[in-house]
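Below you'll find the structure, written out as structure tokens, and then a few comments.
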Amino acid sequence: MLLAFFLLPLARLVGQGADPALYWRALTEWQYVSALLVTVALSLVTAVCAVGLAAVVAGWLAHRHFPGRRLLVAMLTMPVALPGVVIAFMMILLMGRQGLLADITDWLTGERVVLAYTIVGLFAGYLYFSLPRCIATLLAAAEAMDPALDEAARMLGASPWKRVRDVWLPGLAPALVASGAICFATAMGALGTAFTLAADIRVLPMVIYTEFTLATNLGMAAALSVILGVATWIALAVARSFGGGMSAAA
Amino acid sequence: MSVRAELRGVARTFADGTRGLLPTDLVLEPGSVTALLGPSGCGKTTLLRLLAGLARPDPGGAVLFDGRDVTDLPVERRNIGMVFQGYALFPHMTVARNIGYGLEARGVPRAQREPRVAEMLRLVRLEALAGRRPDQLSGGQRQRVALARALAPQPALLLLDEPFGALDAALRLALRVELAALLTALRVTAVIVTHDQAEAMALGDGVAVMEGGRIGQRGTPRDIYERPANRFVAGFVGTLNDLGEGRFCRPEALRPDPAGPLEGRVSAAFFDAGRTRLHLAAPGGGEWVLELEPGQAVPERGSALRLALDEKAVLRF
């Protein structure tokens with residue numbers, strides 16, 4: 001029963017878009033290809049930035065203990081619980097027409113800068129929901145690392161950069177790859193944020209949505225879904241093979 | 001190369017207010033090997049970390065190397081070799097790169113590193129394993145890599161934190177002999193932290209017994225065993241028989257003698273490598289331990305045994 005519950009919709013989806021011509025169109029026609037490329041590029045950049053920032057935060061927090069640390073960690077990882085639409089709304093409050101950024105630039109230059117509906121806004125939204133997951137995963141990995149490794153490198157005279165390269169990066173590599181892949185997969189499929197923010201930018205989940213609702217082009221929506229699904233699945237497979245149990249924590 | 005290291009009024013209070021180390025003075029003569037001995041939580045690892053620069057002393061304390069104040073000198077520039085408790089070998093590097101890492105970090109070019117690494121590999125007899133990774137080594141081999149890594153940059157001071165902690169008993173003994181020979185040959189100022197009194201006695205020219213965040217007694221192994229400063233030190237560095245009225249003695253001070261003044265009842269006998277260790281129930285309710293000479297008849301359990309006492313060896317606390 002459970003298997004049928006999982007497999008039937010999948011089979012229907014693959015069946016619906018089974019026409020090779022649809023896949024050909026999806027992978028050659030510019031309106032679809034551009035959406036795919038934008039989605040992949042945006043997701044990649046989001047993943048790289050989120051992992052990079054999270055690694056710095058996690059490395060700094062890992063073996064430091066100070067009052068308020070638990071609260072700080074809780075605040076940093078809290079947005080995991082927020083739905084995409086809420087995050088998008090927060091980005092609008094930050095960078096929209098009435099947003100904080102517009103107020104500041106108005107005061108500085110007399111011009112209201114609105115970034116919420118551009119690729120910058122979308123990226124900021126994606127980064128916002130990706131960061132907490134990465135921080136949670138990488139902090140756990142960094143805390144699990146033997147602090148004596150860093151101390152040993154210091155005692156042997158290694159500079160901070162050398163320690164990052166020789167101790168932290170190799171030690172965190174599995175978690176970096178795993179959390180990056182999960183960020184990528186999540187960003188690929190994020191509809192809520194995209195729906196609220198992407199006025200002019202077409203990302204794949206939105207194209208699927210419009211193909212399906214507006215153009216009632218079921219076949220194309222299915223074909224695009226499969227492509228999106230496969231790309232996401234590959235990313236998650238990468239995460240699993242590197243991260244082992246850790247990817248489950250994200 | 002060996003440094004004279006000195007702690008002057010060095011104390012350490014942790015963030016939660018517990019005192020890891022009370023104000024302590026300690027001088028390590030150049031080329032000496034000092035064992036810091038004590039139970040867990042006595043402050044010996046804290047003292048080692050303060051020497052290393054991995055922890056900062058409370059204000060007022062100073063660490064000096066050859067008279068120079070190094071309290072504010074960062075770890076990276078203290079030129080100290082350290083063997084960590086779990087060895088902390090870099091898991092993704094080969095044995096050779098691990099050993100050469102200190103030279104690499106100091107910017108020594110490869111051509112000069114290689115002979116030194118080869119020399120270190122020879123010193124710890126790991127030439128054949130230079131290309132292995134730490135997870136392909138046995139516990140004893142890892143310990144030797146850690147030692148070679150610490151020694152390769154010719155440190156002024158060598159710190160060893162429970163260097164045998166992760167090894168089984170037979171290996172500990174073999175490596176202890178090896179390390180003792182190596183330290184004697186190198187004449188590097190060394191500090192060994194251990195909770196094993198036999199290890200401390202065998203390796204240290206001097207032993208500092210620590211208790212509750214301070215050094216309880218410092219002296220040669222023989223001094224500390226034969227003339228312990230207090231009851232705690234005496235009990236920690238060896239077996240102590242309570243004779244009552246503040247009088248104590250070591251097992252060697254007792255021997256079976258039908259005309260002896262003391263009497264106990266045999267409660268257990270343990271045979272170990274030619275000697276028998278005898279446990280007796282003392283009249284006062286305590287327990288006495290003594291060792292029988294090889295070949296001496298072992299009395300039956302439950303039987304009474306009269307003992308002679310070497311009065312010169314009696315300790316009073």
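Residue numbering restarts at 1 for every chain, and letters A, B, ... go by the order of the sequence lines. For the numbers below, each heavy atom of this structure counts, side chains included, while hydrogens, waters and symmetry mates do not.
- A salt bridge links B:R116 with B:E119; the closest basic N to acidic carboxylate O contact falls under 4.0 Å.
- When heavy atoms are compared at a cutoff of 4.5 Å, B:E104 approaches chain A by way of both its backbone and its side chain.
- Looking at B:I80, the atoms closer than 4.5 Å to chain A (heavy atoms on both sides) sit in the backbone and in the side chain alike.
- Interface remark: B:P74 contributes no atoms to any contact with chain A (heavy atom separation under 4.5 Å).
- Taking the centre and axis of the six-membered ring of B:F90, the NZ or CZ atom of B:R149 falls inside the cone set by 45° and 6.0 Å.
- Under the 3.5 Å distance criterion, with hydrogens and angles disregarded, a donor-acceptor pair is assigned to the side chains of B:T13 and B:D58.
- For the set B:G86, B:A15, B:A150, B:G102, the count of heavy-atom pairs under 4.5 angstrom toward chain A peaks at B:G102.
- Within the 4.5 angstrom heavy-atom criterion, no atom of A:D150 approaches chain B.
- At a cut-off of 3.5 Å, with distance as the only test, no side-chain donor of B:N98 or B:R132 sits close to an acceptor on the other residue.
- How far CH2 of A:W233 is from CG of A:L236: 9.5 Å, rounded to the nearest 0.5 Å.
- Between B:R97 and A:D166 there is a salt bridge, with a side-chain nitrogen of the basic residue lying less than 4.0 Å from a carboxylate oxygen of the acidic one.
- Residue B:L103: no heavy atom, backbone or side chain, is found under 4.5 Å from chain A.
- For B:A52, the parts lying near chain A are the backbone and the side chain together; criterion is any non-hydrogen pair under 4.5 Å.
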